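Structure first, then comments.
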Amino acid sequence: MIEVRNLNKSYKRFKLENASFVLRPGKVTGLIGANGAGKSTILRSLIGLVKKDSGEILVDGNKVNDLGEKLKVGYVCQDLKIYAGQKMSDVAGFVKDIYKDSWDNGLYEHYLKDVFGFDYDLKIKELSTGMRVKFFIALELAKKPECLLLDEVTSGLDPMVRDDVLDILLQITRDDNIPVFMSSHITEDLEKIADYIVYIDSGHILLEDTVENIRKNYYKIECEELLDLDEETRAAITGKGFKQHQYYVYNAGILDRQDKPGTAAMLSDVLRCLRKEK
Amino acid sequence: MISYLKKDIRFSKIWLGIAVLYSLICGYIFIKDSGDSFFFVDFLLPLFVTYLPLSRLMNMEDSRDTRDFLRRMPQGRNGRVIARVIFIFSLLIFSFAVKIFYKYLLVKGYSLMSGMNLEAELAYFIAFFAFNLISLILFYRFSFHAAQNFTLASYAVVFALGLLNKHTDFTLSFPSVNVEVLAGCGLLLIAALIFAAIRMEKIS
């Protein structure tokens, strides 16, 4: 288990303050937030690419400076342009050389050819964004990582490829029992595979909970349905809830009654709601 | 470290091939000119053979993605810098071996030179090694663009000195030192530059 406590990092125009969360083996934790909210800062701090100002990172209770000290970490970020002029086989050859103890060539070939359908050896710059993401995921997985960090990997992918990538990630998380920490601003992606959500806004973590709990605590109700409710309930929802297009989203806590009107809210609605509450 | 060295060779193989080809052409020009084209062997040969593959590698790695990719590698940064220094050193040794072969052995038959000027060759070697290491330091600390600017500035200085030498009475004269002193000073300079390169890679 990976525990992050009070992680702080300051830049001129941005401050990450007291970020705390837990990454569990066999579970996907989604890190969600708007552009510039601090997602990449958190991920880069975890692998030592950004030097944290203060805070603790614990791997199975042991304090580390970055995850790489205790774990083999796989990290993929969006739109990677690593050694763009080199062929896939050359880059893979280099990584294989460096990680010779843990590198599984069979696994690399499996992901590359059987799973992702590569049957060619192109230069990195000749690959589309989706292909590049797939290639680097195959490269990271062949290192047999004990923890996988993904920074906006699904941004820029078409929906079909996105679903393929998400399916593979989910399967790896479950089969290899590794913690996966995936940042995204596409809530639909996280709704599909995440077990836990960490929501960050302007450098502050506003929420950390299971997707189930988050959705259980928020409801959405169509404006038309409000007319069927009693005066008191309607007033509470319209007063304390948030209007989104043709419906309201509200925190279940604002109503005393047991049966909450409406249906469980979508993650994207909950997060918008949280942002407005803040 | 060996993995990084293998990577440098693998990723610059085309440019290494061009450098070898250039060294052959250079030899041909040199022999054709009966040893008059010193500019080709003394200056351009070591410059092309070392800086061409090195600049190609620096250009390739001049992005945040690639730098981050390398920093996440389990083998330390020291190893990465040392591998790059060995790469430069090996190319310099090759270029100087070719140069000495052309200049002293091949052309010696035409009775142009007799005996090797060890001090001058050592000074050249140190100067080219230092030039490449400074480029590397600038690349690690700033970017490939900074290393390129330094190269252009160095060309300008060499060109200006050449013009001065040709068209005026100005001549560059260096105090004569023995080989041991030159080698000792050179070693210190190179060691300091390697140390600086490691530091710059760490703080960049």
Side-chain angles (χ1 to χ4, degrees), chain A residues 40-41 43-51 65-103 123-125 129 132-133 135-136 139-140 143-149 151-153, chain B residues 1-19 51-84 86-87 139-141 143-145 147-148 198-204:
Chain A
S40 294
T41 304
L43 285 163
R44 290 167 64 80
S45 302
L46 290 181
I47 48 171
L49 291 176
V50 163
K51 201 176 171 205
N65 284 320
D66 62 78
L67 295 178
E69 279 180 22
K70 283 269 177 198
L71 300 169
K72 269 182 284 171
V73 182
Y75 172 77
V76 185
C77 62
Q78 61 170 329
D79 202 18
L80 283 162
K81 289 193 179 80
I82 292 165
Y83 291 118
Q86 295 303 311
K87 286 195 164 184
M88 292 156 61
S89 58
D90 285 333
V91 176
F94 167 49
V95 177
K96 181 182 170 182
D97 247 11
I98 293 278
Y99 292 90
K100 44 179 152 312
D101 295 337
S102 59
W103 179 266
K123 286 182 177 174
I124 304 297
K125 65 181 173 192
T129 309
R132 251 192 333 256
V133 167
F135 169 68
F136 281 105
L139 213 58
E140 292 299 308
K143 296 189 303 199
K144 290 191 273 180
E146 294 159 314
C147 170
L148 197 55
L149 306 182
D151 192 0
E152 301 272 8
V153 286
Chain B
M1 193 176 73
I2 299 295
S3 306
Y4 289 119
L5 194 57
K6 275 165 73 180
K7 180 261 296 174
D8 281 355
I9 296 167
R10 186 186 281 150
F11 286 6
S12 64
K13 54 182 183 280
I14 294 168
W15 296 92
L16 289 173
I18 292 171
Y51 194 69
L52 217 60
L54 177 67
S55 62
R56 185 72 197 131
L57 286 170
M58 290 193 292
N59 187 26
M60 222 181 276
E61 291 174 357
D62 194 28
S63 73
R64 193 176 89 161
D65 285 346
T66 311
R67 284 178 189 235
D68 286 352
F69 182 68
L70 290 171
R71 277 176 198 156
R72 291 191 293 109
M73 299 275 171
Q75 297 176 24
R77 293 174 181 187
N78 294 3
R80 198 157 55 243
V81 179
I82 299 294
R84 190 58 55 86
I86 293 172
F87 180 73
F139 164 69
Y140 283 139
R141 184 67 188 98
S143 63
F144 175 55
H145 189 62
Q148 263 185 322
I198 292 171
R199 285 288 306 154
M200 289 305 139
E201 215 287 339
K202 277 184 178 165
I203 61 169
S204 61

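Protein chains get the first letters and strands the later ones, always in sequence-line order, with residue 1 at the start of each. A quick note: this is a predicted structure, and the numbers were derived from the prediction, not measured. The analysis underlying the following values was restricted to heavy atoms, covering all of them including side chains, and did not include hydrogens, waters or symmetry mates.
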| field | Residue part contacting chain A, namely of B:Leu70, when any heavy atom lies under 4.5 Å | value | side chain

| query | Relative to chain B, which segment of A:Lys51 carries a heavy atom at a distance below 4.5 Å: side chain, backbone, both, or neither? | reply | neither

| said: Could you walk me through whether A:Leu49 and B:Arg71 satisfy the side chain to side chain contact (heavy atoms under 4.5 Å, CB included) test, starting with their C-alpha distance in whole Å, then the side-chain angles of each, then the deciding distance to 0.1 Å, before giving a yes or no? | reply: CA-CA 7 Å; A:Leu49 291 176; B:Arg71 277 176 198 156; 3.9 Å; yes

| query | Quick one: does B:Arg72's side chain get under 4.5 Å of A:Val73's, heavy atoms only? | reply | no

| Any idea which heavy atoms bring B:Arg10 and A:Gln86 closest together, and the distance? | O-OE1, 4.4 Å

| request: Drop me the distance from A:Tyr83's OH to B:Leu57's CG, to the nearest 0.5 angstrom. | output: 7.5 Å

| task | Sort A:Ile98 into side chain, backbone, both or neither according to what part of it lies under 4.5 angstrom from a heavy atom of chain B. | result | both

| note | Heavy atoms of B:Thr66 and A:Ile82 approach each other most closely as OG1-CA, 3.5 Å

| query | Just wondering, are more than 12 heavy atoms of other shown residues or ligands nearer than 6.0 Å to CH2 in B:Trp15? | reply | no

| said: If you count heavy atoms of other groups shown closer than 6.0 angstrom to CD1 of B:Ile9, is the number above 12? | reply: yes

| In Å and rounded to the nearest 0.5 Å, what is the CG to CG distance from A:Asp151 to B:Asp68? | 10.5 Å

| remark: Under 4.5 Å to a heavy atom of chain B? For A:Glu140 that would be side chain

| task | Show your working on side chain to side chain contact (heavy atoms under 4.5 Å, CB included) between A:Tyr99 and B:Met73 and close with a plain yes or no. | result | CA-CA 8 Å; A:Tyr99 292 90; B:Met73 299 275 171; 3.9 Å; yes

| SB check B:Lys7 A:Asp97 (cutoff 4.0 Å) | no

| task | For atom NZ of A:Lys72, decide whether the heavy atoms of other residues, nucleotides or ligands shown that lie under 6.0 angstrom number more than 12. | result | yes

| task | Decide yes or no on side chain to side chain contact (heavy atoms under 4.5 Å, CB included) for B:Phe69 and A:Tyr75, but give the supporting numbers first. | result | CA-CA 9 Å; B:Phe69 182 68; A:Tyr75 172 77; over 6 Å; no

| remark: Minimal heavy-atom distance between B:Ser3 and A:Lys100, with the atoms involved, is OG-NZ, 3.6 Å

| Are B:Lys13 and A:Asp90 close enough for a salt bridge, meaning some N to O gap below 4.0 Å? | yes

